[in-house]
Amino acid sequence: KADGYGLGAGEVARRLRAEGCSWFFVAHLEEAVALKPVVPDATVVALNGLLAGCENIFVEHDIVPALNDLGQIALWQAKAKSLGRRQPGIVHIDTGMNRLGLQPGDVDRLAADQSLLQGVDVVLWMSHFACADIKDHPLNGEQLVHFARALQRLPHAPASLANSSGIFLGPHTHFDLVRPGAALYGINPTPWLPNPMQ
């Protein structure tokens, strides 16, 4: 994101890809389109989601959208139907960040009617810690419980919750994929301890 926090997304991504990273998350579609040619064999995700009218850009550039509400899921479902094939997507569940992601009622609807996902190949269920940089913040445990409960009710797919600080809360937060961001650039993900990053 943010051109590799100002260090150059292309240069950073090439190095991370050489180290084995195969998933890259950016905020905006424009960032994803610029990054994809640098790591063509990797999964590139635009976290801000699928805006109406941009479906063809995601398809043409092989960008995976984070689907943040039922409307975005419906748009991606319609695109898949028009193409005659399933389209990969990440479904973002809001467990307490209150910025992006499906609300509890939306999760209830998906759990009750999985035809709402027809045509969408859910490659990842994700959420995002709001307060992981405060180790003992009660919201960390609440979000973990909300996410685990949602996953129990939804079709099986890999899952991801931990951001940089979340990774250091322990392996119980790691699920199938972790998403380090600021820590990659040496910013301390554990303000309660000396910086573990070099």
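Values below: all heavy atoms of this structure, side chains included; hydrogens, waters and symmetry mates excluded. Please read all numbers here as calculations on a predicted model, not as lab measurements.
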>> Hydrophobic clustering (ILVMFWY, side-chain heavy atoms < 4.5 Å, transitive) - are L100 and F58 grouped together?
In response: no
>> I'd like to know if the side chain of E31 and the backbone of A2 have a donor-acceptor N/O pair within less than 3.5 Å.
In response: yes
> In the hydrophobic clustering (ILVMFWY, side-chain contacts below 4.5 Å, transitive), which residues join V45, or is it alone?
Replying inline: W23, F25, L47, V64, I90, V123, L124, M126, L177
> Taking K36 for the side chain and A42 for the main chain, is one N or O donor matched with an acceptor at less than 3.5 Å?
Replying inline: yes
> Do you know which two heavy atoms are closest between D69 and Q72, and how far apart they sit?
Replying inline: OD1-N, 2.7 Å
> Between S165 and P189, is there a donor-acceptor pair closer than 3.5 Å when you use the side chain of the first and the backbone of the second?
Replying inline: yes
>> Please determine whether the number of non-hydrogen atoms from other residues, nucleotides or ligands lying under 6.0 Å from atom CD of E11 exceeds 12.
In response: no
> Can Q143 and F129 be said to form a side-chain contact (heavy atoms from CB on, under 4.5 Å), step by step?
Replying inline: CA-CA 7 Å; Q143 286 191 263; F129 277 118; 3.9 Å; yes
>> Hydrophobic clusters here meaning ILVMFWY residues chained together by side-chain heavy-atom distances under 4.5 Å, can you tell me if L67 and L83 are in one?
In response: yes
>> Whether the side chain of Q77 engages the backbone of Q118 through a donor-acceptor N/O pair (distance < 3.5 Å, no angle test) should be reported.
In response: yes
> Is N140 reaching over with its side chain to a backbone N or O of A130, donor-acceptor style, under 3.5 angstrom?
Replying inline: no
> Is it true that atom NE2 of H172 has more than 12 heavy atoms of other residues, nucleotides or ligands lying nearer than 6.0 Å?
Replying inline: yes
> Do you know which of V38, V12, L16 makes side chain to side chain contact (heavy atoms under 4.5 Å, CB included) with F24?
Replying inline: L16
>> Is it the case that over 12 heavy atoms from other parts of the model lie below 6.0 angstrom from the CZ atom of R109?
In response: no
>> Under a 3.5 Å distance rule, please check whether Q87 uses its side chain to pair with a backbone N or O of D121 as donor and acceptor.
In response: no
> Is a side-chain donor or acceptor of D106 paired with a backbone partner of Q103 at a separation under 3.5 angstrom?
Replying inline: yes
> When you measure from the side chain of H28 to the backbone N and O of E30, does any donor-acceptor pair fall under 3.5 Å?
Replying inline: no
>> Just to verify, what does E19 make a side-chain hydrogen bond (donor to acceptor under 3.5 Å, both in side chains) with, not counting sequence neighbours?
In response: R15
>> Treating S164 as the side-chain partner and A183 as the backbone partner, does any N or O pair qualify as donor plus acceptor under 3.5 Å?
In response: yes
> Quick one: do L7 and L184 end up in the same hydrophobic cluster if we chain Ile, Leu, Val, Met, Phe, Trp and Tyr together by side-chain heavy atoms under 4.5 Å apart?
Replying inline: yes
>> Around atom CZ of R99, are there more than 12 heavy atoms from other residues, nucleotides or ligands closer than 6.0 Å?
In response: no
>> Quick check against the 3.5 Å criterion: does W125 have a side-chain atom that pairs as donor or acceptor with the backbone of P155?
In response: yes
